[in-house]
Novice: 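Just dropping this structure here.
The first residue of the sequence shown is numbered 1, and numbering continues consecutively from there.
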Amino acid sequence: MDNLINSPIDNELSKLSPFELKGKIIEMADEKVKKAANSLLNAGRGNPNWVSDAPRSAFFAFGQFAMTECHRTLSLPEGIAGTPQKGGMAARFETWMRDNASMPGVDFLRKAYEYCLMELSADPDALLDEWADGIVGDNYPTPPRILHYTEVIVRKYLDWAICASNPPKDVTFDLFAVEGSTAGMCYCFDVLKQNHLLEKGDAIAIMVPVFTPYIEIPELNEFEYTVLDIDADATTPDGLHTWQYKKADIEKLKDPKYKMLFVTNPSNPPSYAMAPETVEALKEVVKANPRLMILTDDVYGTFVKGYRSLAAELPYNSISCYSFSKYFGATGWRVAVTAVSSDNVFDKLISELPDDKKKQLEERYQSLTIDVSGLKFIDRMVAESRLIALNHTAGLSTPQQIQMSFFALSTLIDTADTYHERMIKLIHNRYDALWKNFGFSMPDDPLRADYYSEIDMMIWAKKLYGQEFADYLDKTYNPLAIVFRLASETGSVVLNGDGFDGPRWSIRVSLANLNEDDYVRLGKNIRQILEQFADEWKASKKS
């Protein structure tokens, strides 16, 4: 244990992804918990400890209705039912809702159904056909990209979630329902490579700190991109991180050699939305470098009031990856969408490829269509997700798409914004509990999402004990020493921030998966470990 806690600075463990290192950290924390008969504080992974109740209750309630529809067409005593019969379902559903009004989830279904009819002009029978067929899961997803009404509903939800209820004018987002935003990421990297939009060795930029796969994937031998890191290293006059970007660094992207920008916004782990001045700087970049492609990962946007994605500000140049997993407590559901404007730079760049590459793509996609040149970028992504040959069986499972629709509808019918307000308050209170018990009251910031908190221990070492102590800490220990000591001494699990290309001595604390009282303990534990290092420094000075 001590050889890990007091490991040299070039320790091989520092090269591991923080998510791979997490297993060792949890093992150390478990040992401490067993000895102290205390509870493990695992703030290492951002899996929320809440679930959104109403859309789940509606899902299970609607499943009951859908099965009555199955038994209408065939019902054998051996446990064999038919499939939902199309036509006339709306009238039967309305009767069923009246007869089952007290069942949990039915009131939600009534409001959601009425919303779809009144606000989205849905055909009642067609809507119910999609929901019943989808929730039973008796057919392949058709169309493979996304079910019709799922796209209509989720597109309306994204107007709120990533466009601050003010979507860009004359822009329609085409959606691809995917198995979580991680699948969306993989599909994006692959379709960009296969369509020659990003070739080996091309120059890209990544705004860091960032979710580690955005760092690790470009290094793989099938990509080997040349990477520019744009650091969120701006600070206040008194030396605190703002977790924002410097305009001079953003302006580097005006150089046309940079073909793509990867962004997690709000950031992971700092958990700050991009400042308006950075967005404006990026708009100037795109004017100078109009072929720049952008992938924006918007999963944490719903934790910032009035959040606007780069897909809302720069729709022509952007792909948005949006996951329902965090806001609705649904990491196990694996439901997300990629969104691309119907008019976009990706299609334009494909149309401008040289003839030899166009010919190669004609051969690649010839089994899908006789008009390969007219095959949209997002439909190429769908095909690549199943190695083209299995395009006809592509798509997110239909029960997942119905649950995703219900998640989206839960926001659309919540006109008082009740869930949103309570969710923001929930994690904001956890943030305050952590920092106040670490010893500091941090000012409110409307750009702060609070899903994670990144604590740069070197800054607080300087503020609390001076530069001499900070130098001692940096020269004597590996930055992982704080992470390991927290685990072995207090049973607390956090991740190392440098694994996300953050400051070397930073730690990432998830504010999603523990209760408020736990963050009181965790804040005290972090302060305790820093004081422990300071005591060792003081003792070394005396000796």
Side-chain angles (χ1 to χ4, degrees), residues 120 143-178 184-185 187-198 204 253-254 256 258-263 265 279-280 282-298 301 307-322 336-354 357-358 361-362 365 368-385:
L120 304 180
R145 183 164 60 79
I146 191 170
L147 301 179
H148 171 69
Y149 279 112
T150 300
E151 182 168 38
V152 171
I153 292 165
V154 174
R155 188 183 283 146
K156 187 68 173 177
Y157 169 79
L158 292 179
D159 287 349
W160 173 85
I162 67 172
C163 301
S165 298
N166 183 25
K169 291 182 179 179
D170 302 320
V171 170
T172 299
F173 288 108
D174 293 327
L175 308 184
F176 175 23
V178 294
M185 282 176 59
Y187 300 157
C188 285
F189 274 101
D190 193 41
V191 73
L192 291 164
K193 178 187 73 171
Q194 298 295 352
N195 284 271
H196 305 291
L197 299 183
L198 282 180
I204 67 168
L253 297 175
K254 290 181 177 180
Y258 293 109
K259 293 190 174 182
M260 188 142 196
L261 171 66
F262 292 90
V263 181
N265 184 29
V279 175
E280 292 305 312
L282 283 170
K283 288 180 179 179
E284 294 302 312
V285 161
V286 168
K287 288 178 184 177
N289 183 10
R291 298 166 69 88
L292 182 69
M293 299 174 286
I294 301 170
L295 188 151
T296 173
D297 188 331
D298 295 312
Y307 173 74
R308 281 183 68 80
S309 164
L310 289 178
E313 299 286 354
L314 293 165
Y316 182 75
N317 295 76
S318 300
I319 304 170
S320 170
C321 284
Y322 178 82
V337 289
T338 57
V340 182
S341 170
S342 56
D343 180 29
N344 60 77
V345 71
F346 309 97
D347 285 325
K348 179 175 174 57
L349 293 177
I350 290 171
S351 73
E352 295 174 352
L353 288 171
K357 290 181 178 177
K358 283 183 179 178
L361 292 176
E362 287 277 348
Y365 295 116
L368 302 182
T369 176
I370 59 173
D371 180 22
V372 172
S373 63
L375 188 63
K376 297 174 71 172
F377 171 77
I378 197 164
D379 292 317
R380 294 171 190 238
M381 190 187 303
V382 176
E384 294 294 349
S385 76

Novice: Could you walk me through whether Asp298 and Tyr307 pass the side chain to side chain contact (heavy atoms under 4.5 Å, CB included) test, one step at a time?
Specialist: CA-CA 9 Å; Asp298 295 312; Tyr307 173 74; 2.5 Å; yes
Novice: With rounding to the nearest 0.5 angstrom, report the CG to CD distance, Leu282 to Glu280.
Specialist: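 Output value for this atom pair is 9.5 Å.
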Novice: Before you tell me yes or no, could you show the steps for Val279 and Arg308 under side chain to side chain contact (heavy atoms under 4.5 Å, CB included), namely the whole-Å CA-CA distance, both residues' side-chain angles and the distance that decides it to 0.1 Å?
Specialist: CA-CA 10 Å; Val279 175; Arg308 281 183 68 80; over 6 Å; no
Novice: What's the shortest heavy-atom distance between Ser341 and Val171, and which atoms?
Specialist: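 Shortest heavy-atom separation between Ser341 and Val171 comes out as OG-CG1, 3.6 Å.
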Novice: Could you tell me if the side chain of Ile319 sits less than 4.5 Å from the side chain of Phe346, heavy atoms only?
Specialist: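 When only atoms from C-beta onward are counted, Ile319 and Phe346 do touch, with a gap below 4.5 Å.
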Novice: Going from OH on Tyr322 to CG on Asp297, what distance comes out if it is rounded to the nearest 0.5 angstrom?
Specialist: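 Atom-to-atom, Tyr322:OH and Asp297:CG are 11.0 Å apart.
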Novice: Ala311 and Ser318: which non-hydrogen atoms are nearest, and at how many Å?
Specialist: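 Closest pair (atom of Ala311, atom of Ser318, distance): CA-CB, 3.8 Å.
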Novice: To the nearest 0.5 Å, what is the distance between CE (Met381) and CZ (Phe377)?
Specialist: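 Between atom CE of Met381 and atom CZ of Phe377 there are 4.0 Å.
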Novice: Determine whether Asp343 and Asp170 satisfy the following criterion, side chain to side chain contact (heavy atoms under 4.5 Å, CB included), listing intermediate values before the conclusion.
Specialist: CA-CA 10 Å; Asp343 180 29; Asp170 302 320; over 6 Å; no
Novice: Residues two or more places apart in sequence or in another chain: which of them pass side chain to side chain contact (heavy atoms under 4.5 Å, CB included) with Ala339?
Specialist: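 Counting only residues at least two positions away or on another chain, Ala339 forms a side chain to side chain contact (heavy atoms under 4.5 Å, CB included) with Leu158, Phe173, Leu175, Ser320.
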Novice: Set out, in order, the CA-CA distance, both residues' side-chain angles and the distance that settles side chain to side chain contact (heavy atoms under 4.5 Å, CB included) for Glu362 and Leu375, then state yes or no.
Specialist: CA-CA 10 Å; Glu362 287 277 348; Leu375 188 63; over 6 Å; no
Novice: With respect to Gln194, which candidate in Leu197, Asp190, Val191 satisfies the side chain to side chain contact (heavy atoms under 4.5 Å, CB included) definition?
Specialist: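 For Gln194, the side chain to side chain contact (heavy atoms under 4.5 Å, CB included) check succeeds only for Asp190.
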Novice: Determine the minimum heavy-atom distance between Val345 and Asn317, stating which atoms define it.
Specialist: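 Of all heavy-atom pairs spanning Val345 and Asn317, the closest is CG1-CA, 3.8 Å.
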Novice: Within the structure provided, determine whether Leu198 and Met293 are in side-chain contact (heavy-atom separation under 4.5 Å).
Specialist: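 Yes, their side chains come closer than 4.5 Å.
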Novice: Please confirm whether the backbone N or O of Pro167 pairs with a side-chain atom of Asp159, one donor and one acceptor, at under 3.5 Å?
Specialist: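 No; zero donor-acceptor contacts below 3.5 Å.
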Novice: State whether Lys348 and Glu352 are salt-bridged, where the test is any N-O pair (Lys NZ or Arg NE/NH1/NH2 against Asp/Glu carboxylate O) under 4.0 Å.
Specialist: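 Salt bridge between Lys348 and Glu352, a charged N being under 4.0 Å from a carboxylate O: yes.
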Novice: Please round to the nearest 0.5 Å and tell me the distance separating atom OG1 of Thr296 and atom CG of Asn265.
Specialist: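 Between Thr296 OG1 and Asn265 CG, I get 5.0 Å after rounding to 0.5 Å.
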Novice: What distance separates Cys188 SG from Lys193 NZ, expressed to the nearest 0.5 Å?
Specialist: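 Reported to 0.5 Å precision, the distance equals 13.5 Å.
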Novice: Can you find a heavy atom in the side chain of Thr172 that is under 4.5 Å from one in the side chain of Arg155?
Specialist: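 Heavy-atom side-chain distance check passes, below 4.5 Å.
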Novice: Identify the heavy atoms of Thr338 and Gly184 that sit nearest to each other, and give their distance.
Specialist: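 Taking Thr338 first and Gly184 second, the nearest heavy atoms are CG2-CA, 3.9 Å.
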Novice: With rounding to the nearest 0.5 angstrom, report the CG to CG distance, Asn344 to Asp174.
Specialist: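 It comes to 8.5 Å.
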Novice: Return the set of residues passing ring pair (Phe, Tyr, Trp, His ring centres under 6.0 Å) with Phe176 (not counting sequence neighbours), or none when no residue passes.
Specialist: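 For Phe176, the residues satisfying ring pair (Phe, Tyr, Trp, His ring centres under 6.0 Å) (neighbours in sequence not counted) are Tyr187.
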Novice: Side-chain contact test, heavy atoms from C-beta onward, threshold under 4.5 Å: evaluate it for Glu384 versus Tyr365 and give yes or no.
Specialist: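 In contact.
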Novice: Residues two or more places apart in sequence or in another chain: which of them pass side chain to side chain contact (heavy atoms under 4.5 Å, CB included) with His196?
Specialist: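 Here the qualifying residues are Glu199, Leu353, Lys357, Gln360, Leu361.
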Novice: Do Asp379 and Arg145 pass the salt bridge (Lys or Arg N to Asp or Glu O under 4.0 Å) test, and can you show the C-alpha distance, the side-chain angles, and the key distance before you say yes or no?
Specialist: CA-CA 7 Å; Asp379 292 317; Arg145 183 164 60 79; 3.5 Å; yes
Novice: Quick one: do the Thr369 and Asp371 side chains pair a donor with an acceptor below 3.5 Å?
Specialist: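 Looking only at side-chain atoms, Asp371 and Thr369 do not form any donor-acceptor pair under 3.5 Å.
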Novice: Determine the minimum heavy-atom distance between Met185 and Cys321, stating which atoms define it.
Specialist: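 Shortest heavy-atom contact: N-SG, 4.3 Å.
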